[in-house]
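Take a look at the structure set out below.
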Amino acid sequence: MSMGLDPAVRELLARSPDAPVRPMTAVELRAAFAASRPEPGPLAPVASVTEVSVPGPGGDLRVRLYLPDAPGPVPVFVWIHGGGWTIGSIDENEVASRAVCAAASVAVAAVEYRLAPEDPYPAAPEDCYAVLEWLAAGGGGPAVSPSRIAVGGESAGGNLSTVVSLMARDRGGPPIAAQVLICPVFGHPDDGHASYVDFATGYGMTADAMRFFFAQYAPPSLDDPYVLPSRAGDLTSLPPALVLTAEYDVLRDEGEAFARRLAEAGVAVDLHRYAGQIHGFYGLYTGLPASARSHAEVAAYLRGIFA
């Protein structure tokens, strides 16, 4: 039985009402998002943080590479930020990226993929896949293992993590050790999940915001599993998955339904619903007590995967 909103979340929502989406353009929404981004929490110390340019299908991609204070070569966790394929950047996840790097002793490669509507589908997944191939070819340098790679992301980044996993499976691409899927987008607002009704407004991320993001992303078909993994007929041979959902999130039900489908397909799945939490509790609202707990859970999971 639900215990209700976490008091810290309730206080956060009182200060930060739902962000308006319409009639904003994507450019205006990006500016508003950047201006309202919460102050980050404490930054965990890591050995180094460098920015590298990775060749992508549409030009060079900015990747921020975090290295832990550990003897190498270390495994690497490809991190894909959220924002409905439309807003956001690697900057907003600095706290989470450093926390996981330090606690799991893994490198973190945070990807700055192209955003819609300027670069609609399939720009984002192809960019992320290009970074996967670059790392597997040794692009991370001698400190980073090219053969021990996990992928993960929050919201649209969770979507892209599974899409990259599907692409790697289907294309015979680099092996992926695990996927970390946090409040992921796996379906569409019209799919009929109760969480889209129950939490449509009042909890930060709104149902209308998701409709706006889909309009920017502009996929030719919602039936393409590289757009919505819930449309994939075959989920076998995908990497093990850690799926974290938030109780008060429009995306909650589709994430949990997809986790069940992965398990039915024989994929090892760890599913954890964060009670009392809202969308963004992991990487955006890092002042919430649950945020640090979720970073520790992801780090522990990756330590186990790469042990």
Side-chain angles (χ1 to χ4, degrees), residues 25-27 29-31 33-34 37 49-66 76-94 96-97 100-101 107-137 139-140 144 149-168 170-171 173-174 176 179-186 209-210 212-220 224-229 239 251 280 282-284:
T25 65
V27 172
L29 189 60
R30 283 176 206 145
F33 177 73
R37 199 164 65 212
V49 182
T50 55
E51 296 212 352
V52 295
S53 291
V54 176
D60 285 350
L61 300 167
R62 185 166 70 118
V63 173
R64 187 172 293 167
L65 187 64
Y66 304 80
V76 58
F77 181 43
V78 180
W79 177 256
I80 307 173
H81 71 80
W85 314 281
T86 304
I87 64 175
S89 74
I90 57 179
D91 295 330
E92 75 204 41
N93 294 147
E94 186 78 6
S97 293
V100 170
C101 173
V108 175
V111 184
E112 189 92 318
Y113 54 89
R114 287 173 291 168
L115 297 177
E118 295 87 349
D119 292 288
Y121 175 84
E126 293 293 353
D127 286 355
C128 296
Y129 190 76
V131 174
L132 171 71
E133 291 193 308
W134 176 80
L135 287 165
V144 178
I149 305 174
V151 298
E154 186 172 24
S155 195
N159 166 283
L160 292 168
S161 298
T162 293
V163 170
V164 165
S165 299
L166 286 165
M167 294 164 81
D170 298 345
R171 297 175 180 181
I176 296 173
Q179 45 182 333
V180 174
L181 314 172
I182 299 164
C183 299
V185 182
F186 284 143
M210 282 307 306
F212 175 87
F213 292 140
F214 273 104
Q216 309 312 301
Y217 199 39
D224 182 345
Y226 292 173
V227 175
L228 294 178
L251 303 179
Y282 175 87
L284 184 60

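Numbers for residues simply follow the sequence, beginning at 1.
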Taking the side chain as everything from C-beta on, heavy atoms only, tell me whether P229 gets closer than 4.5 Å to V163.
yes
All heavy atoms of A130 vs all of P55, minimum pair found to be CB-O, 4.0 Å
Counting C-beta onward and ignoring hydrogens, is there a side-chain heavy-atom pair between E112 and L61 closer than 4.5 Å?
no
Contact between P174 and Y129 at the side-chain level, heavy atoms closer than 4.5 Å - yes or no?
yes
By side chain to side chain donor-acceptor pair (under 3.5 Å) - contacts of T162 (at least two apart):
Q179
Going from OH on Y226 to CG on D170, what distance comes out if it is rounded to the nearest 0.5 angstrom?
3.5 Å
Could you tell me whether a side-chain N or O of Q216 sits under 3.5 Å from a main-chain N or O of T86, the two making a donor and an acceptor?
no
Does R64 have any salt bridge (Lys or Arg N to Asp or Glu O under 4.0 Å) partners at least two apart in sequence or in another chain, and if so, which?
E51, D91, E94
For V49 against Y66, the heavy-atom pair lying closest together
CG2-CD2, 3.6 Å
When rounded to the nearest 0.5 angstrom, what distance separates OG in S155 from OH in Y282?
13.5 Å
Is there side-chain contact between W134 and V78, with at least one heavy-atom pair below 4.5 Å?
no
Do the ring planes of Y217 and Y121 sit parallel (below 30°), tilted (30 to 60°) or perpendicular (above 60°)?
perpendicular
Which pair of non-hydrogen atoms, one from V164 and one from P125, has the smallest distance, and what is that distance?
CG2-O, 4.2 Å
Closest non-hydrogen atom pair between R114 and A124, with its separation:
O-CB, 4.0 Å
I want to check something: taking the side chain as every heavy atom from C-beta on, are V185 and F214 in contact at a cut-off of under 4.5 Å?
yes
Going from CD1 on I176 to OG on S165, what distance comes out if it is rounded to the nearest 0.5 angstrom?
4.0 Å
On a heavy-atom basis, the closest approach of S161 and L181 is CB-CD2, 3.8 Å
Dump the intermediate steps for side chain to side chain contact (heavy atoms under 4.5 Å, CB included) on W79 and V100, then the final yes or no.
CA-CA 10 Å; W79 177 256; V100 170; over 6 Å; no
Quick one: CZ on F213 to CG on L115, what's the gap to the nearest 0.5 Å?
10.5 Å
How far does CE of M167 sit from CG of L160, to the nearest 0.5 angstrom?
9.5 Å
When rounded to the nearest 0.5 angstrom, what distance separates CD1 in I80 from CG in L132?
9.0 Å
Flag, side chain of N159 to backbone of L228, donor-acceptor distance under 3.5 Å
no
Please report the closest heavy-atom contact between F33 and E92, naming both atoms and the distance.
CE2-OE1, 3.3 Å
